[in-house]
Chemist: 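Handing you this structure, nothing more for now.
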Amino acid sequence: MLVNAIKIVSIMFFLLTLSGCFSEEKSLKVATLQWIGYESIYQAEEFGWLDKNVKLVKGNIPSDSLRRILSGEVDAATMTMEDVILARAKGVELIIVAVLDISAGADVVLSKKSILDVTQLKGKRIGSEKSALASLILIKTLEKAGLQESDVTVLDLAPPEQLDAWKKDEVDVVITYEPYASKLFEEKANYILSSRELPEMIFDVLAVRTDRIEGREDGVKKFLEAHFKALEYFRQHYKDVTYRIATREEITPEDVSRALGGVVLPSKSANGNFFDEKSSLFKAAKELNELMFEKGFITKKASLDNLLNPRFLKD
Amino acid sequence: MRLLLIFISLLLGSNTLLFAKPSLKFGIFAYNSKSIVLQQYQPVVDYLNANLRDDKVEMVVLGREEFERQLQSNGLDVITTNPSQFEIIRNNNMFIRTIATTKKRNEGILTDSYGGVIFTAASNDSINKLEDLKSKSIASMDDKSLAAYQAPVFEFSELGIDVTPNLTVMKTQDEIIDAVMKGKSEAGFVRTGIIELAVAQGGLKLDDVKIINSQKLSYYPYLLSTRLYPEWPVAILPRVNEKLANELTILLLGFESSQNKSASIGGFTLPHNYSSVEQLIKSLNLPPYHLDKKVKLKQLYKEYQTQILAIFFIMIVVFIAIIKIMRLNLQIHSNEERFSLAIEGTQDGLFDWNMIDNGMVHSKQFETMLGYSGDELPSTVEAWDGLLHPEDRQNTYKVVQDYLNTRGKGTYVNIFRMRAKDGSWRWIEARGKALFDKKGVGTRFVGFNTDVTDKKESALLLEHAAKHDLLTNLPNRYTLAIFTPNILANATRHKTHVALLFIDLDGFKEVNDNYGHAAGDQLLKEVSRRMQELTRANDIVARMGGDEFVMLVCDLNDRKEIINFVSRMLERISNPYLVDNHSLNVSASVGVSFYPQEDAVDGDALLRQSDKAMYQAKINGKNQYFLFDDLVNK
């Protein structure tokens with residue numbers, strides 16, 4: 001009789017655990033790159049907090065991530081809102097599952113010493129990455145100066161290549177971000193515009209291909225858990241983290257502090273505020289969609305249906 | 001007067017002496033040998049004394065116990081100690097205020113963070129990573145030291161290793177280096193900067209030590225094995241007035257060391273967030289948070305009361321359900337046991353007829369009843385039907401149907417024959433009960449089969465005996481009376497004639513007298529046999545008693561046919577009988593009456609008529625017949 005009871009109980013437990021055993025989890029490949037807003041992910045990796053099912057595919061520039069997610073080489077990517085719209089306009093449906101950072105000064109326009117403000121940009125050589133984000137900043141910068149794109153020479157220069165061009169005096173102005181900005185400051189660069197002047201416009205998000213979500217829900221959830229755990233570590237171990245980021249990005253702890261000051265890193269609970277159609281996130285998506293179409297970065301507007309999905313933020 | 005003045009001046013002088021402000025006590029925790037600590041902080045104290053407007057600072061370097069005792073007796077005004085001890089102090093002194101975080105300098109680089117160094121002798125080949133220290137002896141400070149205990153222990157705990165049983169607690173960090181270098185301990189935990197200081201003092205060569213879990217942070221000026229935590233806080237106790245507290249804070253933040261020695265105080269910065277230290281201590285369950293676990297449980301309960309109660313409730317329900325199932329199982333088991341014992345005990349066969357799919361299950365006893373092994377018969381109604389005696393089939397099904405028509409209100413008792421394996425027929429009595437659905441249609445029929453062959457056969461024998469003459473096995477008078485009306489009715493229907501022959505033996509009494517009753521009985525048997533041989537299927541021969549017989553001869557188209565028949569019979573009867581080697585002779589006198597007659601007659605009338613006719617035959621000389629018709633006609 002006791003045996004029978006044990007049997008009953010063990011069958012119950014078996015059934016309880018069965019649901020978890022049936023769905024086989026596929027590995028989640030996430031494209032990312034070195035950027036102050038994504039340091040939490042690098043930190044989580046360094047501390048071994050990433051699930052073994054999560055594989056990071058690291059690139060050097062944002063367009064690496066875009067290329068990889070478009071080709072299907074990865075299932076998800078840490079990317080800018082602009083790239084999400086670009087992908088959607090090309091017919092690859094991505095959904096945004098979390099906001100990783102909001103640029104509030106980390107994206108900057110830097111100039112040689114002779115150029116003190118935007119009004120002096122006419123006829124200058126501007127080095128910029130061929131990305132939607134850089135294009136957007138360029139547009140906003142030129143708008144501020146009352147200039148057309150034809151008034152300047154735009155050079156295709158990704159941030160890692162800018163320092164070299166800067167030293168060789170091949171460029172007058174660059175559109176860049178940390179940690180490359182800090183290196184240019186060391187070269188006595190002038191700061192003429194930052195994303196602080198484009199409030200709640202530049203969002204970096206974790207985007208997942210809709211066609212790859214099935215079977216990877218747990219991976220996405222665990223990826224975000226590790227990210228938020230790292231953010232909490234940042235909050236409590238600020239000094240330790242500045243040294244660690246400094247080591248990874250090869251800049252000084254002071255530069256790290258400045259870079260961290262240029263982004264807002266929303267916690268899990270703060271993330272909750274971005275996921276409805278009245279949020280600044282969705283507003284920015286709509287605005288960027290219009291602007292990018294108007295300026296010809298996309299040939300047709302992206303569908304913004306089901307763009308935001310907060311379910312992975314829930315416990 | 002002069003004396004008075006002198007007195008007053010003396011008084012005033014002594015007053016100034018009496019009311020001279022006591023200097024501020026700056027308590028510094030002796031994390032290392034007192035002389036080293038004094039040497040490190042002397043420039044800070046000198047700076048303060050040179051810049052404070054009205055106050056002086058006195059440096060007191062104290063060991064842990066002394067430090068705590070002084071704090072309790074309000075003997076200190078400003079303190080600096082490691083953040084872990086400060087967490088304890090902060091817990092006991094609510095109003096203590098952190099005013100700055102210390103900056104240290106090494107080789108020109110300032111840092112306001114520190115951590116632990118895990119090291120071993122460079123010559124030790126067996127230790128290269130944290131895991132290698134699992135069961136090695138390690139020299140450390142006590143558990144209130146952040147850098148030389150807590151921070152390294154935490155790194156191990158992240159790997160799931162509890163290293164605390166391996167630790168030997170030392171009094172100073174120099175002793176730790178000494179223990180490791182002299183091989184008393186295999187490894188040591190020290191604060192960042194201590195090794196560099198020992199090297200600077202010439203007691204140690206950098207090449208002699210090996211750093212485990214080295215963090216290799218680009219801009220951090222010291223060897224490091226753990227995460228970084230904010231450097232020592234400087235705090236002011238509440239009885240120092242605000243003006244002086246502000247002045248001290250401003251002075252400290254403005255201090256910049258001119259020294260560039262290893263581990264020297266480089267300066268002070270705005271107080272850091274010490275929550276990482278709080279987290280560290282909590283995760284290691286050490287003072288002042290070692291009692292927090294109980295509180296946590298309480299908080300947990302407060303926060304998740306409904307969920308916890310729900311889980312508890314579900315667990316109770318599941319538990320009760322399990323107990324009930326167990327009991328039910330026990331009950332079913334014992335019922336089943338009792339039931340099967342009962343079935344085995346009765347030798348009765350159980351049947352269970354599923355009337356929906358027509359399956360029929362029989363217990364083993366049913367099969368053994370019919371001589372089968374127990375699992376030979378298929379569980380179908382067809383198999384059962386196949387064994388049913390063809391003569392009983394119609395009636396058996398009728399009884400079943402009649403019972404079903406009562407919808408269970410009647411009782412079901414059925415008797416039928418079934419073929420046993422050896423080909424013999426067994427009488428089976430079935431009793432049972434059916435279950436009905438809402439529409440009154442039978443769904444299941446359960447009951448017992450009992451082998452009643454013995455009972456049935458003795459009953460049949462009795463019945464036979466009642467109807468037959470025991471000696472000759474011929475139907476008796478009673479049976480004749482039952483059959484006669486049918487035979488007569490048949491004759492009327494088919495327009496045939498029936499002759500009733502009353503036969504009385506002649507000379508039988510003599511046989512009995514001369515040869516005994518046994519011989520007489522033998523003779524009677526033989527007479528019966530001869531008479532039966534003459535009759536046809538539908539005719540009846542009955543023994544009325546003694547030597548009297550009656551024969552009903554049916555299907556006569558003409559009454560004359562009987563003349564031949566009776567003549568042949570008389571001849572047969574009068575032939576000699578061989579009984580016990582004796583040749584015996586008897587004859588018969590026969591009276592004949594016919595049916596139908598002009599007047600309506602029944603069997604009794606016919607019997608009376610033929611009796612009379614027989615009597616006439618006796619009178620006429622025996623061994624002959626006489627027709628009642630002739631008697632009437634006379």
Side-chain angles (χ1 to χ4, degrees), chain A residues 1-17 34 39-40 42-50 179 182-183 186 226 228-261 267 315, chain B residues 83 101-103 109-116 151 154-155 158-160 192 214-222 224 226-231 269-283 314-315 317-334:
Chain A
M1 210 44 50
L2 184 68
V3 172
N4 271 349
I6 291 167
K7 264 188 216 162
I8 290 164
V9 172
S10 51
I11 285 168
M12 283 168 70
F13 279 107
F14 177 68
L15 289 174
L16 278 172
T17 51
Q34 201 145 64
E39 277 298 337
S40 56
Y42 283 72
Q43 194 60 64
E45 186 192 32
E46 190 181 306
F47 282 151
W49 292 344
L50 286 180
S182 288
K183 299 210 153 101
E186 283 167 22
F228 289 121
K229 186 178 178 181
L231 281 194
E232 180 58 19
Y233 186 83
F234 279 22
R235 196 180 70 75
Q236 288 190 347
H237 298 76
Y238 180 76
K239 289 308 290 188
D240 181 77
V241 160
T242 51
Y243 277 111
R244 289 179 194 280
I245 296 174
T247 306
R248 275 198 297 274
E249 297 204 349
E250 295 171 7
I251 54 176
T252 67
E254 289 71 35
D255 289 338
V256 172
S257 286
R258 187 171 60 238
L260 282 173
S267 67
D315 292 314
Chain B
T101 291
T102 311
K103 286 198 278 191
I109 303 169
L110 286 166
T111 181
D112 48 12
S113 297
Y114 82 121
F154 178 77
E155 296 298 324
E158 282 286 273
L159 297 173
T192 49
S214 177
Q215 293 294 294
K216 298 196 175 82
L217 296 179
S218 308
Y219 295 88
Y220 190 70
Y222 298 112
L224 175 71
T226 70
R227 276 144 227 224
L228 285 169
Y229 301 88
E231 262 286 359
T269 183
L270 289 171
H272 273 301
N273 176 2
Y274 285 91
S275 63
S276 58
V277 178
E278 189 178 324
Q279 281 303 315
L280 171 71
I281 299 171
K282 278 180 176 167
S283 81
I314 289 167
M315 277 169 68
V317 168
V318 168
F319 184 71
I320 289 173
I322 289 170
I323 296 277
K324 285 231 164 156
I325 289 168
M326 277 172 70
R327 272 203 192 162
L328 216 61
N329 260 350
L330 200 72
Q331 215 171 330
I332 290 168
H333 190 70
S334 78

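A quick note: this is a predicted structure, and the numbers were derived from the prediction, not measured. Letters go in sequence order (proteins before strands), and every chain restarts at 1. Note that these values count all heavy atoms, side chains included, but never hydrogens, waters or copies made by symmetry.
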Chemist: Where on Glu158(B) is there a heavy atom nearer than 4.5 Å to chain A: the side chain, the backbone, both, or neither?
Modeler: side chain
Chemist: Mind checking side chain to side chain contact (heavy atoms under 4.5 Å, CB included) for Ala44(A) and listing every partner two or more places apart, or none if nothing turns up?
Modeler: Trp49(A), Leu50(A), Ala226(A), Ala230(A)
Chemist: Just to verify, which of Val256(A), Asp255(A), Thr252(A) counts as forming a side-chain contact (heavy atoms from CB on, under 4.5 Å) with Tyr219(B)?
Modeler: Thr252(A)
Chemist: Tell me, do Asp112(B) and Lys239(A) make a side-chain contact under 4.5 Å, heavy atoms counted?
Modeler: yes
Chemist: Any chance you could measure Tyr238(A), atom OH, to Ser275(B), atom OG, to the nearest 0.5 Å?
Modeler: 13.5 Å
Chemist: Got a sec, which residues hit salt bridge (charged side-chain N to carboxylate O under 4.0 Å, His left out) with Glu254(A), two or more places apart in sequence or on another chain?
Modeler: none
Chemist: So do the side chains of Asn273(B) and Gln236(A) get within less than 4.5 Å of each other, counting heavy atoms only?
Modeler: no
Chemist: Taking the side chain as every heavy atom from C-beta outward, state whether Gln279(B) and Tyr233(A) have any pair of such atoms under 4.5 Å apart.
Modeler: no
Chemist: Check each atom of Thr226(B) against the heavy atoms of chain A and say whether the ones under 4.5 Å are side chain, backbone, both or neither.
Modeler: backbone
Chemist: Any side-chain heavy atom of Tyr243(A) within less than 4.5 Å of one from Leu224(B)?
Modeler: no
Chemist: Less than 4.5 Å apart, any side-chain heavy atom of Tyr229(B) and any of His237(A)?
Modeler: yes
